[in-house]
Amino acid sequence: MLLSLMFKSRALNYVIFSLLIITSEFSFALRLDDSYTGVWQGIEIMGCDLEIANQIRKTIPLDIGSEFKLSNKEKYRDICNKHVKKYLPNENVECGFIFFTDGVAYMNIQVLPREYNNQFRAIPIPDHPVPKIPDEVNKVYMKIQDRMDEMAKRTGTFPTEIYDGGFIDFTDPILHELAQELTRIAFDYNEVILEVVRYEPDPMTRADAANLLSWTRHPENFKYIVKWDLLSDSYLGVRNNLARSFVFLIQKVESKEILNDLLQLYCKMVSLPEHTDRNKALYSIQEVLEKDPSLVNAMDQACIGHIHYIAEASILSNVGGVAKEILEFMELNKLEKNTHHHS
């Protein structure tokens, strides 16, 4: 689960340094200090030629199995930048880390295309005051954030999340009670929270509202995500949280038209040059295709090409591994259709 996006530049264009804290596939904000350590597992390099990526891997002096120290983040960044610039001197490159909560760490190198910011939606100005996240919702939400921070700092552990109820829940008893309380309250504020995601100028507040939509439990929100193009938000935290909030509900969508529209949005998202976008889009595409396998035929060549590239380039199980699973599913589905056709 992707838990955190740390040391991220507030600038929304070219990010120089980032840290992602992950446990499996999804995302929650968490504040960490420099005491965290782990073990280096490898180097994830995306956005460039596969041969160049392999050359960079060979030249960066990273000993697999050696200790990763969060306190050394500046040193790691300098090493990354120095070696990447040898091979990609004219590119905009993001050097960061992906740190799994079981202690496994990856250096994360992303080559950023120059024009990708043009793909995002403009935040419309409504003809009425922009609503705020209701106080009673925010109060419980902040208790969840505080409890997660406390667990991380006191015990070094991260809460285990469960999704059986169609919203984010936790095995930790205190967080479980808070999640149950939040989903009871948030259900009635769905329209307000959705409007915050659509209209709020502040990206961090939009990201919080996108996270809260998990607890409102309204599958009909999918049609507004499509209609208002909410997954094309310029802030990656909003895109991440929105996709994460609704991946649990895709199986409840019965409209093939909405599923197809969602597939096109996730295909756009999977092309974006951020780990969080690839990760959420791939899991969401997988859910859509499992819900309606015939939509394999609705995927355009550009989308399929991005998934093929990710399957080849990514060494992460929750990115490259998922891409491989999607491609295998597509092949199996085609084989099943062909077998059925000839029988």
Side-chain angles (χ1 to χ4, degrees), residues 2 5 8-9 11-20 22 25 40-64 68 76-100 104-120 236 239-240 266-283 285-286 299-331:
L2 175 66
L5 202 57
K8 200 78 177 173
S9 165
L12 299 181
N13 48 4
Y14 301 126
V15 182
I16 301 304
F17 185 63
S18 67
L19 170 68
L20 304 174
I22 300 173
E25 62 257 35
W40 282 115
Q41 187 69 30
I43 303 174
E44 173 86 336
I45 307 176
M46 301 296 290
C48 67
D49 179 83
L50 296 177
E51 190 173 327
I52 292 176
N54 286 330
Q55 288 298 319
I56 293 172
R57 280 195 187 92
K58 290 175 184 175
T59 58
I60 291 179
L62 187 70
D63 293 328
I64 304 304
F68 166 87
Y76 300 144
R77 180 191 63 183
D78 291 341
I79 291 171
C80 175
N81 283 330
K82 174 185 173 183
H83 289 275
V84 169
K85 286 299 180 185
K86 290 179 185 176
Y87 292 92
L88 301 167
N90 300 315
E91 300 290 345
N92 293 295
V93 178
E94 170 187 297
C95 278
F97 313 104
I98 296 172
F99 179 45
F100 287 76
V104 170
Y106 291 83
M107 186 167 282
N108 185 39
I109 300 171
Q110 175 66 55
V111 180
L112 300 171
R114 297 181 181 279
E115 302 299 327
Y116 86 97
N117 283 330
N118 299 335
Q119 302 179 40
F120 302 126
L236 65 89
R239 302 192 302 272
N240 179 78
Y266 295 133
C267 275
K268 178 180 177 182
M269 192 177 183
V270 84
S271 73
L272 296 175
E274 293 284 357
H275 169 84
T276 51
D277 289 312
R278 284 188 290 271
N279 166 256
K280 302 305 172 299
L282 288 165
Y283 276 104
I285 289 169
Q286 193 172 48
M299 297 177 71
D300 63 31
Q301 288 304 308
C303 184
I304 296 169
H306 285 301
I307 295 171
H308 270 286
Y309 168 74
I310 293 167
E312 286 189 81
S314 173
I315 64 172
L316 299 175
S317 61
N318 66 350
V319 178
V322 184
K324 290 183 178 76
E325 289 173 8
I326 291 171
L327 294 174
E328 288 169 8
F329 181 90
M330 292 172 68
E331 281 303 310

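Quick caveat: nothing in here was measured; it's all calculated off a predicted structure.
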For Glu312, side-chain contact (heavy atoms from CB on, under 4.5 Å) partners two or more places apart: Leu50

Any side-chain heavy-atom pair of Glu328 and Glu331 under 4.5 Å: no

Nearest atoms (heavy-atom pairs only) where Ala323 meets Ile310: CB-CG2, 3.9 Å

CD-CE distance between Glu274 and Met269, expressed to the nearest 0.5 angstrom: 10.5 Å

Sequence-distant partners of Ser314, side-chain hydrogen bond (donor to acceptor under 3.5 Å, both in side chains), two or more places apart: Glu44

Close side-chain approach of Ile285 to Phe329, heavy-atom, < 4.5 Å: no

Met46 CE to Tyr309 OH distance, which is reported to the nearest 0.5 Å: 4.5 Å

Gap between atom CG of Leu316 and atom CG of Asn108 - 0.5 Å precision: 7.5 Å

Set of side-chain contact (heavy atoms from CB on, under 4.5 Å) partners for Ala105, sequence neighbours left out: Trp40, Phe68, Phe99

Neighbour count above 12 (heavy atom, 6.0 Å) for Lys82 NZ: no

Separation between CG of Asp277 and NZ of Lys268, rounded to the nearest 0.5 Å: 11.0 Å

Identified side-chain contact (heavy atoms from CB on, under 4.5 Å) partner of Arg57 from the options Ile109, Ile45, Leu62: Ile45

Heavy-atom pair with the smallest gap, counting every atom of Arg77 and Phe97: N-CZ, 4.2 Å

Contacts of Gln286 that satisfy side-chain contact (heavy atoms from CB on, under 4.5 Å) - sequence neighbours left out: Tyr283, Glu290, Val322, Glu325, Ile326

Closest non-hydrogen atom pair, Gly47 against Gln110: CA-NE2, 3.9 Å

Interatomic spacing from SG in Cys267 to CD1 in Ile304 - rounded to 0.5 Å: 8.0 Å

Set of residues satisfying side-chain hydrogen bond (donor to acceptor under 3.5 Å, both in side chains) with respect to Asp49, sequence neighbours excluded: none

4.5 Å side-chain heavy-atom contact, Ser271 and Gln119: yes

Where Lys280 and Asn240 come nearest, the two heavy atoms and their spacing: NZ-OD1, 2.7 Å

Qualifying residues under side-chain contact (heavy atoms from CB on, under 4.5 Å), relative to His83, sequence neighbours excluded: Thr59, Ile60, Pro61, Ile79, Lys86

Min side-chain heavy-atom separation Arg239-Thr276 under 4.5 Å: no

Nearest atoms (heavy-atom pairs only) where Cys95 meets Asn81: SG-OD1, 3.3 Å

Sequence-distant partners of Cys48, disulfide bond (SG atoms under 2.5 Å apart), two or more places apart: none

Spatial distance of atom CD1 (Ile56) from atom CE (Met107) [nearest 0.5 Å]: 11.5 Å

Contact summary for Leu327 and Ala311, nearest pair of heavy atoms: CD1-CB, 3.8 Å

Results of ring pair (Phe, Tyr, Trp, His ring centres under 6.0 Å) for Tyr106 - residues two or more places apart only: Phe100

side-chain hydrogen bond (donor to acceptor under 3.5 Å, both in side chains) involving Lys324 - partner list, sequence neighbours excluded: none

Side-chain (Lys85) to main-chain (Glu91) donor-acceptor, under 3.5 angstrom: yes

Donor-acceptor under 3.5 Å (Asn279 side chain, Asn318 main chain): yes

